[in-house]
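Below, read A as the first sequence line, B as the second, and so on, with proteins coming before strands; counting in each chain starts at 1.
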2 protein chains.
Amino acid sequence: MTTTTDNILKRNQLSVTDSRKKILELFTANDGALAHSDIEKKTGEKFDRVTIYRTLQTFVEKGIIHTIPTVDNSVLYALCKMDCTEGHHHDNHVHFVCDNCNVTYCLDDVVTPKVNLPDGFKPKVMDVVVSGICKNC
Amino acid sequence: MTTTTDNILKRNQLSVTDSRKKILELFTANDGALAHSDIEKKTGEKFDRVTIYRTLQTFVEKGIIHTIPTVDNSVLYALCKMDCTEGHHHDNHVHFVCDNCNVTYCLDDVVTPKVNLPDGFKPKVMDVVVSGICKNC
DNA sequence: TAGTTTTTGCAACTGGGTTGCAACACCTAT
DNA sequence: ATAGGTGTTGCAACCCAGTTGCAAAAACTA
Ligand SMILES: [Mn+2]
Ligand SMILES: [Mn+2]
Ligand SMILES: [Zn+2]
Ligand SMILES: [Zn+2]
């Protein structure tokens with residue numbers, strides 16, 4: 001029997017291992033973003049810290065997940081929903097952090113607005129993080 | 001003789017010390033944002049790392065400088081130009097990071113644009129970081 | 001100038017993240 | 001199904017940013 005996560009791994013030329021399956025499952029089961037520490041807790045001592053770091057790194061490189069900039073200088077990861085490929089991410093969407101439940105959401109459908117920059121500044125990439133109260137709070 | 005930096009320190013009920021004067025001077029002399037490491041380099045072994053950390057922390061608390069979220073998860077600091085006070089910052093402006101010279105600017109005059117969020121999401125604060133090529137490059 | 005308060009420097013510690021390497025698991029071809 | 005080669009894991013050791021407690025030193029106050 002071949003599961004969804006197995007397929008995602010194979011599609012990306014990654015060998016199917018316990019850690020990769022479990023970590024990928026966490027992302028597909030969860031609609032918010034996850035920090036390294038979340039994963040460490042949810043896998044419960046099953047895998048070495050280093051393995052988790054390396055797995056996340058691999059997933060980012062393959063375009064399976066992307067990192068999210070945070071205000072408090074921690075790193076968050078979330079599933080790429082667009083057609084991201086190795087080395088090229090299409091994840092320029094708005095992120096929302098809930099002040100109450102502290103969950104971070106990818107708002108893939110929200111278009112990032114245009115801003116008028118002063119003369120001489122040429123924009124390329126725009127990161128928008130909105131914080132407030134989420135739909136579940 | 002009383003300098004500008006001395007006045008800023010006194011106005012904020014801070015005792016005037018060498019480290020505070022020197023670090024504050026760096027901010028007033030520089031129009032881009034500074035990282036802890038920048039300050040460490042520019043002061044040249046003159047002050048302990050811990051002193052620099054504590055000074056920056058104090059300045060942030062007093063509303064003299066503010067922190068800037070970065071993509072690569074480092075912390076940047078820049079002078080508050082608005083009327084920020086102890087505990088309350090008015091620094092919701094757009095930040096610009098130059099891909100070429102790597103300087104980060106506070107674009108105090110650029111209004112942060114409105115975005116349309118999905119139903120149920122109530123926005124409070126919005127952080128916008130634009131990257132591209134700056135006016136000096 | 002002396003006494004009080006605040007700040008500094010040092011040393012020790014924490015926590016996130018990385019690296020090298022040997023043991024192990026996964027994939028492929030027979 | 002099995003053996004061999006390749007990729008992945010776990011461990012130990014390390015690095016670096018940032019924090020903490022405390023005694024010495026500097027700044028303020030009277
Ligand atoms: Mn996202
Ligand atoms: Mn700013
Ligand atoms: Zn919430
Ligand atoms: Zn530039």
Checklist outcome for this item: Between its two end axes (five pairs each) the helix from C/dT1-D/dA30 to C/dC26-D/dG5 turns, nearest 10 degrees, through 30°
Checklist entry - Just checking B/S74: base, sugar-phosphate only, or nothing, at a heavy-atom cut-off of under 4.0 Å? => result nothing
Item to check | Contacts of type side chain to side chain donor-acceptor pair (under 3.5 Å), residue A/T43, not counting sequence neighbours | outcome: none
Next on the checklist: Can you list, in residue-number order, the parts of residues 34-43 of chain B that come under 4.0 Å of DNA chain D, counting heavy atoms only?
Outcome noted: none
Next on the checklist: Run the side chain to side chain contact (heavy atoms under 4.5 Å, CB included) test against A/D109 and tell me which residues pass, sequence neighbours left out.
Outcome noted: none
Next on the checklist: Which Ile, Leu, Val, Met, Phe, Trp or Tyr residues join B/L76 in one cluster when any pair of side-chain heavy atoms under 4.5 Å counts as a link?
Outcome noted: B/I68
Checklist outcome for this item: chain A reaches DNA chain D, atoms under 4.0 Å from its heavy atoms, from D/dG7 to D/dA13
Checklist entry - Are A/L34 and A/K42 side-chain neighbours, meaning at least one heavy-atom pair lies under 4.5 Å? => result yes
Checklist outcome for this item: Connected to B/V129, directly or through other members, by ILVMFWY side-chain contacts below 4.5 Å are B/V97
Checklist entry - So which one's nearest nucleotide on DNA chain D is more toward 5', A/R49 or A/R54? => result A/R54
Checklist entry - With no hydrogens and no angle check, is any side-chain donor or acceptor of B/K124 less than 3.5 Å from a backbone partner on A/S131? => result no
Checklist entry - Can you name the ring pair (Phe, Tyr, Trp, His ring centres under 6.0 Å) partners of B/F96, sequence neighbours left out? => result A/F121
Item to check | ring pair (Phe, Tyr, Trp, His ring centres under 6.0 Å) contacts touching residues 34-55 of chain A (sequence neighbours left out) | outcome: A/H36-A/Y53
Next on the checklist: Across nucleotides 23-30 of chain C, 5' to 3', mark each nucleotide with B, S or - according to how protein heavy atoms within less than 4.0 Å reach it.
Outcome noted: ---SS---
Checklist entry - Rest of the hydrophobic cluster containing A/V50 (Ile/Leu/Val/Met/Phe/Trp/Tyr, side-chain heavy atoms under 4.5 Å)? => result none
Checklist entry - What pairs with A/T5 under side chain to side chain donor-acceptor pair (under 3.5 Å), at least two apart in sequence or on another chain? => result A/T3
Checklist entry - Picking from C/dT19, C/dT8, C/dG9, which would you name as closest to the side chain of A/V50? => result C/dT19
